[in-house]
Amino acid sequence: MSPPIRLESKQQYTTPALVIGYALCSSLLAIINKYAITQFNYPGLLTALQYLSSAISVFLLAKLGFLHHDPFTIATAKKFFPAALVFYLAIFTNTNLLRHANVDTFIVFRSLTPLLVAIADTLFRNQPLPSNFTFLSLVVILAGAVGYVATDSAFTLTAYSWAFAYLVTITTEMVYIKHMVMNLGLNTWGFVFYNNLLSLMMAPFFWFLTGENVEVVDALRSGSGNLFDLTAFVAVALSCVFGLLISFFGFAARKAVSATAFTVTGVVNKFLTVAINVTIWDKHASPVGLVCLLFTIVGGVLYQQSVTGPRDALPSVAKQADIEIGVDDKKDDLEGEKSRKG
């Protein structure tokens, strides 16, 4: 009997494939989560189900021999916990933002992350001040965001409070988890497993903190709240599938590219999100708001161009990323071989 095909072949680890995979998942997941939260209005429970399904999927696929993840140890969990906490807060604020605002508002604040990352690089990492072109792109991003907020007819204090909380946490997550990925030494599926398992452990605390546990219990007692509705089930299941996919592609892409490139990739792919969002329903901004939104995304594209190195430097960067990923592949293959022999 031939061994099962593993999900971590070296061909799947090429940098363009990882970036494209992450871009597609990121583009679609915002809309999928918005749809899921409209059908299943329990953000804490929704994210907990995503963490649970991802952790179980990685565990079972590893048991079946399709992939290898680093074993769970308390020592490693302690080291990874701060990153998992920041990740959980980013997803928690993101889901609540989508609960109270439309996808376009989420995209605008997501697009502001290059501005904050650039400031953080200058203040905390002793990086040089942005060049004139980079500064111009950041101004375009900021102007588009300010214009969107000024013309947002659906402005509410609750929605924008969650938006600012999301902006702070996602910026911290972008910089800190990149540092964690490069220094902790876990393989990609190890990061996915640790991240989702630790996030799942944190979920009950936030249920009680927000009072959502009372809402869920009341819905169960009354038989309302779409807990057992087929449409809600399909929406939640789809969000769980894409949650697992973006966990893998997100951590793999973080290994392959810089924190800034990863951040900008998350901004640029929002063109697809905007196009889909405008096409499928009316939960989007006004025409003026959409123009400001596009300005913000264009600023992200200009920023990407301003921080990209010379063309002759790109092959060496890609080669280095492939070398790092190849080491992980060899490690995984050796571990898998040991387990099959055992």
Side-chain angles (χ1 to χ4, degrees), residues 15-16 18-24 26-27 30 90 104-152 163-164 166-179 181-182 250 253-275 285 287-321:
T15 300
L18 295 176
V19 173
I20 292 173
Y22 170 74
L24 289 176
S26 181
S27 299
D104 299 325
T105 304
F106 156 72
I107 293 174
V108 165
F109 279 85
R110 177 67 173 77
S111 300
L112 283 172
T113 53
L115 176 62
L116 294 192
V117 169
I119 294 174
D121 281 341
T122 302
L123 293 180
F124 303 112
R125 299 182 59 203
N126 297 321
Q127 298 295 314
L129 291 173
S131 65
N132 292 336
F133 188 50
T134 301
F135 182 77
L136 174 63
S137 66
L138 295 176
V139 169
V140 173
I141 292 174
L142 182 61
V146 171
Y148 177 87
V149 173
T151 59
D152 186 9
F164 279 107
Y166 170 72
L167 179 60
V168 172
T169 54
I170 192 63
T171 303
T172 306
E173 189 253 3
M174 287 289 177
V175 177
Y176 184 74
I177 289 190
K178 172 65 179 181
H179 169 78
V181 166
M182 299 307 295
R254 279 184 172 95
K255 281 188 175 183
V257 299
S258 68
T260 300
F262 182 81
T263 302
V264 174
T265 300
V267 173
V268 175
N269 65 54
K270 294 303 182 288
F271 278 114
L272 178 59
T273 305
V274 173
V288 177
L290 289 174
V291 171
C292 295
L293 171 60
L294 292 177
F295 260 97
T296 306
I297 301 177
V298 167
V301 175
L302 295 176
Y303 180 79
Q304 183 184 30
Q305 293 177 346
S306 69
V307 298
T308 301
R311 289 182 178 272
D312 56 357
L314 294 178
S316 62
V317 174
K319 183 178 180 181
Q320 180 62 30

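What you see below is based on every heavy atom in this structure, not just the backbone, and it leaves out hydrogens, waters and symmetry mates.
Taking both residues in full, the closest heavy atoms of Gly147 and Cys292 are given as C-SG, 3.5 Å, listed atom of the first, atom of the second, then distance. In terms of heavy atoms, Ile141 sits closest to Gly299 at CG1-C, 3.4 Å.
Between Phe164 and Phe109, the ring planes are perpendicular. Angles over 60° get that label, and only those under 30° would be called parallel.
Note that CG of Leu112 is 12.5 Å distant from CD1 of Ile107, once rounded to the nearest 0.5 Å. Atom CG of Leu138 and atom CZ of Phe133 lie 10.5 Å apart (nearest 0.5 Å).
Here the side chain of Ser26 pairs no donor or acceptor atom with the backbone of Ala23 at under 3.5 angstrom.
For Thr169, the side-chain hydrogen bond (donor to acceptor under 3.5 Å, both in side chains) criterion is met by Thr93, not counting sequence neighbours. Residues satisfying the side-chain hydrogen bond (donor to acceptor under 3.5 Å, both in side chains) criterion with Thr171, sequence neighbours excluded, are absent altogether.
For the pair Tyr148 and Phe295, the minimum side-chain heavy-atom distance is 4.5 Å or more.
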